[in-house]
A.B. asks: 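Let me give you the structure first, and then I'll get to my questions.
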Amino acid sequence: MTGNWMDDPAVAHISKSKLDFLQSLVFESQSLTKEQMMPFFMAIAKRGMDNHISFSKDEVEIITTTIRKYSTPEELEKIDKLTKLIKR
């Protein structure tokens, strides 16, 4: 990912703890295979609940759009795959 999406003005109103949580997920998920993604998402969901972190629909949309702006073509492909997995 080029640049720092967390410094983008579009996400300035989202709490730093939420953005830090997402940033850690990005790093943790980079080397996962397709088969590892669903268990990873389940663990992440639990971690988010344990830490009282949740995102509104608007926050998810803004974050996704912002991350896409800073992503390489390979990362965009991975984002698209993840989005399809989540929507199932």
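Position 1 is the first residue of the sequence, and the numbers go up from there.
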A.B. asks: As an exercise, state the distance from CG of Asp8 to CD1 of Ile14, rounded to the nearest 0.5 Å.
C.D. replies: 10.0 Å

A.B. asks: Search all heavy atoms of Lys18 against all heavy atoms of Phe55 and return the closest pair with its distance.
C.D. replies: CB-CE2, 3.4 Å

A.B. asks: Atom CG of Asn51 and atom NZ of Lys46: how far apart are they, to the nearest 0.5 Å?
C.D. replies: 9.5 Å

A.B. asks: Roughly how far apart are Ser31 OG and Gln36 CD, rounded to 0.5 Å?
C.D. replies: 7.0 Å

A.B. asks: Could you tell me the separation between the CH2 atom of Trp5 and the CG atom of Leu19, rounded to the nearest 0.5 Å?
C.D. replies: 5.0 Å

A.B. asks: Would you say Met38 and Leu32 make side-chain contact, with heavy atoms under 4.5 Å?
C.D. replies: no

A.B. asks: Which heavy atom of Phe40 sits nearest a heavy atom of Leu25, and at what distance?
C.D. replies: CZ-O, 3.9 Å

A.B. asks: Hey, could you give me the CD/OG distance between Glu59 and Ser54, rounded to the nearest 0.5 Å?
C.D. replies: 7.5 Å

A.B. asks: Does Thr64 reach the main-chain N or O of Glu61 with its side chain, forming a donor-acceptor pair under 3.5 Å?
C.D. replies: no

A.B. asks: Looking at every non-hydrogen atom in both residues, tell me the closest pair between Ala10 and Ile62 and how far apart they are.
C.D. replies: O-CG2, 3.3 Å

A.B. asks: To the nearest 0.5 Å, what is the distance between OG1 on Thr66 and CG on Asp7?
C.D. replies: 11.5 Å

A.B. asks: Answer whether the closest heavy-atom distance between the side chains of Ile53 and Arg47 falls below 4.5 Å.
C.D. replies: no

